[in-house]
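The structure appears right after this line, and notes come after that.
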2 protein chains.
Amino acid sequence: MRHEVPEAAQRPTVSSVAVHAGVSRQTVSNALNNPERLQPDTLKRVLAAIEETGYVRSAAARQMRTARSGVIAYRLDPVRDGIGGAVLDTFLHALTAEAERRDYRVALYTADSDEAELRQFASLTQTRAADAFVLVGTHRNDLRYRWLTEHGVPYSVFGRPWSEQGTAAQPTHAWIDVDGAAGTAQATQHLLDLGHRNIAFVGWPAGSETGDERRRGWDEAMAAAGVTAAERHALDSEQQDGILEGADAASRLLATGATAFVCASDSLAVGAFSAVRAAGERAAVVGFDDTPTAAALGLSSVRQPLDSAAAWALASVLDQLDGRPPRERDARLLLPQLVVRESSQPPMSTR
Amino acid sequence: MRHEVPEAAQRPTVSSVAVHAGVSRQTVSNALNNPERLQPDTLKRVLAAIEETGYVRSAAARQMRTARSGVIAYRLDPVRDGIGGAVLDTFLHALTAEAERRDYRVALYTADSDEAELRQFASLTQTRAADAFVLVGTHRNDLRYRWLTEHGVPYSVFGRPWSEQGTAAQPTHAWIDVDGAAGTAQATQHLLDLGHRNIAFVGWPAGSETGDERRRGWDEAMAAAGVTAAERHALDSEQQDGILEGADAASRLLATGATAFVCASDSLAVGAFSAVRAAGERAAVVGFDDTPTAAALGLSSVRQPLDSAAAWALASVLDQLDGRPPRERDARLLLPQLVVRESSQPPMSTR
DNA sequence: AAACGTCATTTGATTGATCAAATCGGGGAA
DNA sequence: TTCCCCGATTTGATCAATCAAATGACGTTT
């Protein structure tokens with residue numbers, strides 16, 4: 001008594017749609033991939049049939065023939081720091097949304113070392129589970145670029161190509177990044193315009209590329225405003241990223257007469273902000289990354305254009321996939337935008 | 001003079017490996033999928049050939065025949081709150097890692113409404129770009145369960161099946177969640193054991209399932225310790241999630257004699273903690289979710305077993321995919337674990 | 001009017017792996 | 001010795017789409 005239930009009415013295929021529309025399967029395929037090859041009325045008829053049958057191309061069959069999976073892979077790192085991590089979260093969300101817009105998908109993988117990641121590259125590309133990679137978290141002597149380049153796998157990078165040790169060669173890969181110095185410079189200028197002069201920098205220990213760059217923006221803006229090197233040195237501070245660290249630094253700097261703070265991250269800024277409030281001061285604080293936390297606290301912060309960065313990163317790998325020439329960029333770096341909130345309002349001369 | 005450059009030495013296939021090993025293609029396939037069907041020495045020989053040629057199964061061809069993509073889809077939401085979001089981040093990371101372990105992949109999609117998500121379901125399942133879904137962020141009258149069930153798509157849910165309005169029916173879908181009440185009860189008990197009695201609850205406005213549950217854990221533990229309803233009422237507080245809100249609430253409660261705080265989230269706890277410190281008090285604070293921020297600040301917090309939750313959620317959808325019976329669970333809910341840090345050390349009787 | 005070119009559409013072949021059914025080679029029983 | 005069975009392995013067919021080449025129709029040129 002085998003009475004197989006017709007599970008789900010057989011999914012439509014090119015052929016079934018073709019029958020429905022009274023054309024051949026290839027014509028259906030063309031309607032979707034090369035509509036200009038069809039006569040307008042045929043096209044209309046086929047599209048109508050597709051619509052009626054609810055036909056959707058099978059990803060697998062498509063991939064098989066085209067050797068494309070339509071998938072971009074992205075490494076998901078474990079959560080490190082609730083605040084800092086938000087940047088990459090936002091980037092990933094933007095990347096996913098942008099990929100959807102262009103009919104691609106983002107798939108995740110994990111890896112806890114460069115070597116492990118190379119293994120993932122191999123597995124993902126060999127099975128053709130992914131067509132391209134978008135990398136973040138670049139570092140010196142990154143093994144990944146070379147592997148991908150050697151294996152002819154398209155990729156783009158969100159992050160500066162920190163020059164390989166000893167190599168003076170220009171990086172040849174596609175990358176995009178945000179101009180951190182411009183961000184802190186903008187923040188500093190904003191505070192200068194408000195009349196501040198003793199603007200301190202709450203930054204990370206020297207040695208990290210990103211951190212050094214953010215410090216430079218503050219330093220240059222200060223120098224341009226006529227603040228001497230000695231003064232700047234006294235207003236500079238270095239500590240690990242963190243709320244407590246930011247609070248400590250701000251307390252110290254407040255004591256030396258700082259009236260405003262430019263911070264290398266929102267974590268530091270949250271700390272600095274709370275220290276300022278705790279001390280009953282009105283010093284202005286500006287953070288970096290415009291995390292939701294900063295927004296919630298009313299903290300001014302430098303916002304990275306992550307949507308643009310994600311869109312560019314994706315466009316770049318798609319260009320590579322389709323064999324288009326590398327896309328030109330107006331500027332080497334994207335300019336961040338300062339979002340002004342209560343934490344850096346014009347200092348009201350209370351009393 | 002056609003002299004095609006052998007682009008990339010033709011990727012090995014079952015057939016090429018078969019030739020290499022001196023067997024047929026099906027034998028190679030069996031070596032990977034049904035090794036028990038092969039004679040030990042044949043198996044060894046084939047595996048060696050696979051190793052030598054560096055063969056990896058093409059995902060596309062595989063999917064085509066098996067009608068499985070090996071992909072689990074997950075909705076990535078925009079970052080809302082740097083601290084709270086970390087929970088789902090951690091869950092996603094755990095899910096991805098677990099999927100890798102089981103030879104599956106996690107792909108992302110976005111949607112800003114239930115309706116948009118249903119459209120994604122349709123597209124992802126029809127193209128067979130995903131085999132199953134892992135859902136989070138459940139809410140009342142969730143349209144998603146019904147769609148997926150009706151379309152026979154396997155899915156599992158991280159989050160309580162908040163009963164549909166008006167339906168008394170038991171939820172039939174696979175879900176897992178963490179027992180929030182047990183978490184706050186544990187935190188409360190910990191503080192009671194330390195000798196605290198005026199333990200306040202810094203929670204969200206009544207009405208959210210998660211929030212009410214966390215409040216209940218505290219309330220029941222307090223009641224069990226003999227604290228009267230009136231006293232409990234005075235120690236309870238409701239506010240939106242946020243650092244500032246937590247600080248405000250804690251300040252108020254401190255004034256009424258609270259000596260310890262159980263908080264519904266780490267955001268609130270961070271605020272409460274800073275308020276306590278600002279007031280120069282030694283009141284204990286316990287947060288919820290054990291975010292990296294809490295760890296960094298030395299804040300005790302209730303840790304959700306997200307790895308287990310992710311593993312279970314994945315195991316469940318894989319069971320459904322493979323037609324295995326639903327997996328039994330020891331308990332309906334996973335028990336969270338209190339992580340004790342400096343913020344709730346035994347109160348030293350300073351002075 | 002025959003030959004040609006062009007554009008629209010169709011047919012044939014292919015992608016790589018797996019399912020299903022066929023084949024092969026040894027034992028063991030009759 | 002012959003027949004049968006059984007496990008190990010091979011062959012044939014298929015999944016759904018796309019590429020490449022063939023066909024057909026129609027207007028133009030000589």
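A note on names: the letters A, B, ... follow the listed sequences, proteins ahead of strands, and every chain is numbered from 1.
An end-to-end axis angle of 70° holds for the helix from C/dA1-D/dT30 to C/dA30-D/dT1, taken from five base pairs per end and rounded to 10°.
Side-chain contact check for B/Ser316 and B/Gln320: at least one donor-acceptor pair (N or O, by modelled atom type) lies under 3.5 Å. Side-chain contact check for B/Asn141 and B/Arg146: no donor-acceptor pair (N or O, by modelled atom type) lies under 3.5 Å.
DNA chain D lies under 4.0 Å from at least one heavy atom of each of the following residues of residues 44-71 of chain B: B/Met64, B/Arg65.
Bracketed by its first and final contacts, the part of DNA chain C lying under 4.0 Å from non-hydrogen atoms of chain B reaches from C/dG16 to C/dA20 in 5' to 3' order.
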Worked check of side-chain hydrogen bond (donor to acceptor under 3.5 Å, both in side chains) between B/Arg25 and B/Asn30 | CA-CA 9 Å; B/Arg25 49 180 214 291; B/Asn30 284 335; over 6 Å; no
Candidate pair B/Arg119 and B/Glu115, rule salt bridge (charged side-chain N to carboxylate O under 4.0 Å, His left out), full reasoning = CA-CA 6 Å; B/Arg119 258 174 274 129; B/Glu115 290 73 22; over 6 Å; no
Can you list the steps and then say if A/Thr149 with A/Tyr155 is a side-chain hydrogen bond (donor to acceptor under 3.5 Å, both in side chains)?
-> CA-CA 8 Å; A/Thr149 305; A/Tyr155 68 101; 3.1 Å; yes
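Protein atom CG of B/Asn34 is 13 Å distant from nucleotide atom P of D/dT9, rounded to whole Å. Atom pair A/Arg11:CZ and D/dC15:P shows a separation of 13 Å (rounding to whole Å applied). A/Asn30 has its CG atom 17 Å from the P atom of D/dA22, to the nearest Å. Remark: P of D/dT10 and CD of B/Gln26 are 10 Å apart, rounded to the nearest angstrom. For the pair B/Gln39 CD and D/dT10 P, the computed distance is 11 Å after rounding to whole Å.
No more than 12 heavy-atom neighbours from other residues, nucleotides or ligands sit within 6.0 angstrom of CD on B/Glu51.
Considering all non-hydrogen atoms of both residues, A/Arg102 and A/Leu318 come closest at NH1-CD1, 3.3 Å.
Salt-bridge formation is detected for the pair B/Arg68/B/Asp322: a Lys NZ or Arg NE/NH1/NH2 atom is positioned less than 4.0 Å from an Asp or Glu carboxylate oxygen.
Heavy atoms of A/Thr13 sit under 4.0 angstrom from primed sugar atoms or phosphate atoms, though from no base atom. Across all strands shown, A/Val23 has heavy atoms under 4.0 Å from sugar-phosphate atoms exclusively, and none from any base.
By the 30° and 60° cut-offs, the orientation of the rings of B/Phe133 relative to B/Tyr109 is perpendicular.
Both B/Arg128 and B/Arg25 sit near DNA chain D, but only B/Arg25 has its closest nucleotide nearer the 5' end.
Distance check, rounded to the nearest 0.5 Å: CD1 of B/Ile176 to CG of B/Leu333 gives 8.5 Å. In this structure, B/Leu88 CG and B/His93 NE2 are separated by 14.5 Å, a value rounded to the nearest 0.5 Å.
Between B/Thr42 and the phosphate of D/dA8, there is no side-chain N or O to OP1/OP2 separation shorter than 4.0 Å.
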